[in-house]
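Each chain gets a letter, A, B and so on, in the order its sequence line appears, and its residues count up from 1.
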Amino acid sequence: VITYTTLIDGFCKKGRVWEGLVLVAKMIRDGCHPDTVTYTILIDGLCRVGTVDLGLRLLAQMRLVACFPNIVTYNSLIDGLCKEGRIHESLEVVAKMIQDGWPPNKITYTILIDGLCRVSMVDLALGLAAQMRHVDCSLDIITYNILIDGLCKVDRVEEALELADEMTRDGCFQDIITYSNLIDGLCKVGRVDSAFRLIAEMRHADCSPDIISYTALINGLCKEGRVHEA
RNA sequence: UGACGUGUAUCAA
């Protein structure tokens with residue numbers, strides 16, 4: 001089972017879910033029965049290629065063969081729905097998972113926060129983040145980065161910068177993604193010079209800018225007409 | 001021995 005499942009995961013990670021499905025058929029013929037992990041990988045793969053509805057169908061099918069979803073299965077579906085902007089349905093899945101005995105974990109929360117940010121519902125995202133603490137899921141660097149990016153994308157760069165300070169106080173070190181988010185946000189509100197300063201600060205923080213950080217900055221310069229500096 | 005969460009640009013619609 002594990003050998004087959006590993007291969008299926010390989011296909012899914014390459015966006016070749018279809019071949020993964022073919023392989024499941026083969027493993028069954030071989031007398032190996034797909035388990036929860038196998039199904040979860042396929043559901044996740046289907047979600048990634050933009051076919052969440054097929055993922056939901058596969059969820060129904062796995063139950064028929066007495067294979068039951070776990071938290072990863074649910075998280076994969078919630079992420080798929082969120083990435084399509086289907087927040088309402090993702091919350092329905094959350095309700096189901098709770099009924100099913102799987103309370104949301106840190107990843108569930110982070111997925112939802114990301115989903116809310118993607119549809120610009122940043123205040124709700126911040127609210128969820130506050131709620132996370134109450135169920136003693138601490139925010140980690142990924143959650144912080146998502147919120148910082150969300151704030152930047154709605155031009156609330158000042159709040160994003162404050163949150164970046166807060167994450168440091170909280171013991172999460174800003175990484176290359178945090179900085180890139182801020183640089184991009186600053187550029188988009190026309191504060192290219194502050195973005196420049198952040199690039200310098202990155203080196204001091206032992207976090208060298210990469211191609212993405214530079215692209216954000218160069219783009220900002222170009223949009224300002226500062227092509228030469230770019 | 002196997003599964004889930006974060007960043008830039010361009011083009012497209």
Side-chain angles (χ1 to χ4, degrees), chain A residues 1-13 17 20 23-24 27 32-48 52 55 58-59 62 67-83 90 93-94 97 102 104-118 122 125 128-129 132 137 139-153 160 163-164 167 172 174-188 192 195 198-199 202 207 209-223 230:
Chain A
V1 190
I2 295 183
T3 314
Y4 272 112
T5 304
T6 306
L7 271 165
I8 292 167
D9 188 44
F11 278 122
C12 288
K13 289 225 158 63
V17 199
L23 203 49
V24 183
M27 76 186 273
C32 282
H33 291 282
D35 63 9
T36 297
V37 176
T38 321
Y39 277 105
T40 300
I41 288 168
L42 287 163
I43 288 173
D44 184 56
L46 287 167
C47 289
R48 283 179 201 281
V52 190
L58 193 53
L59 172 70
M62 67 187 277
C67 216
F68 298 98
N70 64 18
I71 190 148
V72 180
T73 324
Y74 283 115
N75 283 346
S76 299
L77 282 163
I78 293 167
D79 190 48
L81 288 166
C82 281
K83 293 238 159 66
S90 71
V93 175
V94 173
M97 74 193 273
W102 296 102
N105 63 9
K106 183 195 285 198
I107 295 186
T108 320
Y109 276 100
T110 306
I111 290 169
L112 291 167
I113 289 172
D114 185 52
L116 289 167
C117 286
R118 281 174 199 275
V122 187
L128 252 192
M132 268 177 90
C137 278
L139 306 202
D140 64 14
I141 188 162
I142 297 185
T143 324
Y144 276 114
N145 283 347
I146 290 169
L147 288 165
I148 289 170
D149 189 50
L151 285 165
C152 285
K153 293 245 153 62
L163 192 57
M167 78 185 264
C172 283
Q174 301 183 28
D175 67 1
I176 198 160
I177 296 185
T178 323
Y179 279 110
S180 299
N181 288 334
L182 292 168
I183 289 168
D184 187 52
L186 286 165
C187 286
K188 296 224 159 104
V192 182
L198 271 190
I199 292 267
M202 286 177 84
C207 175
D210 67 359
I211 189 163
I212 296 184
S213 341
Y214 279 116
T215 305
L217 180 66
I218 291 169
N219 185 241
L221 285 165
C222 287
K223 294 256 154 80

Taking F68(A)'s backbone N and O only, do any of them form a donor-acceptor pair with T36(A)'s side chain (distance below 3.5 Å, no angle check)? yes
Just to be sure I understand the rule, does T178(A) reach a base, reach only the sugar-phosphate, or reach nothing, if contact means heavy atoms closer than 4.0 Å? nothing
Please determine which of T73(A), I78(A), N70(A), L77(A) meets the side chain to side chain contact (heavy atoms under 4.5 Å, CB included) test together with M97(A). I78(A)
With sugar-phosphate meaning primed atoms plus P, OP1 and OP2, does T143(A) contact a base, only sugar-phosphate, or nothing at under 4.0 Å between heavy atoms? base
Passes side-chain hydrogen bond (donor to acceptor under 3.5 Å, both in side chains), T143(A) versus D140(A)? Steps please. CA-CA 5 Å; T143(A) 324; D140(A) 64 14; 2.9 Å; yes
Describe the nucleic acid contact of T6(A) in one word from base, sugar-phosphate, nothing, applying a heavy-atom distance below 4.0 Å. sugar-phosphate
Name the nucleic acid region contacted by I107(A), choosing base, sugar-phosphate or nothing; use a 4.0 angstrom heavy-atom cut-off, strictly under. base
Quick check on side chain to side chain contact (heavy atoms under 4.5 Å, CB included): which of L139(A), N75(A), N105(A), I146(A) does T110(A) satisfy it with? I146(A)
Distance-only, no hydrogens or angles: does the N181(A) side chain make a donor-acceptor pair with backbone N or O of I177(A) under 3.5 Å? yes
Scan D175(A) against the nucleic acid and name what it touches under 4.0 Å (heavy atoms): base, sugar-phosphate only, or nothing. nothing
Which part of the nucleic acid does I2(A) contact within heavy-atom distance under 4.0 Å: base, sugar-phosphate only, or nothing? base
Range on RNA chain B touched by chain A - first to last nucleotide, heavy-atom distance under 4.0 Å: U1(B) to U10(B)
Check the pair D79(A) / S76(A) against side-chain hydrogen bond (donor to acceptor under 3.5 Å, both in side chains), numbers first and verdict last. CA-CA 5 Å; D79(A) 190 48; S76(A) 299; over 6 Å; no
With a non-hydrogen cut-off below 4.0 angstrom, is L77(A) in contact with a base, only sugar-phosphate, or nothing? nothing
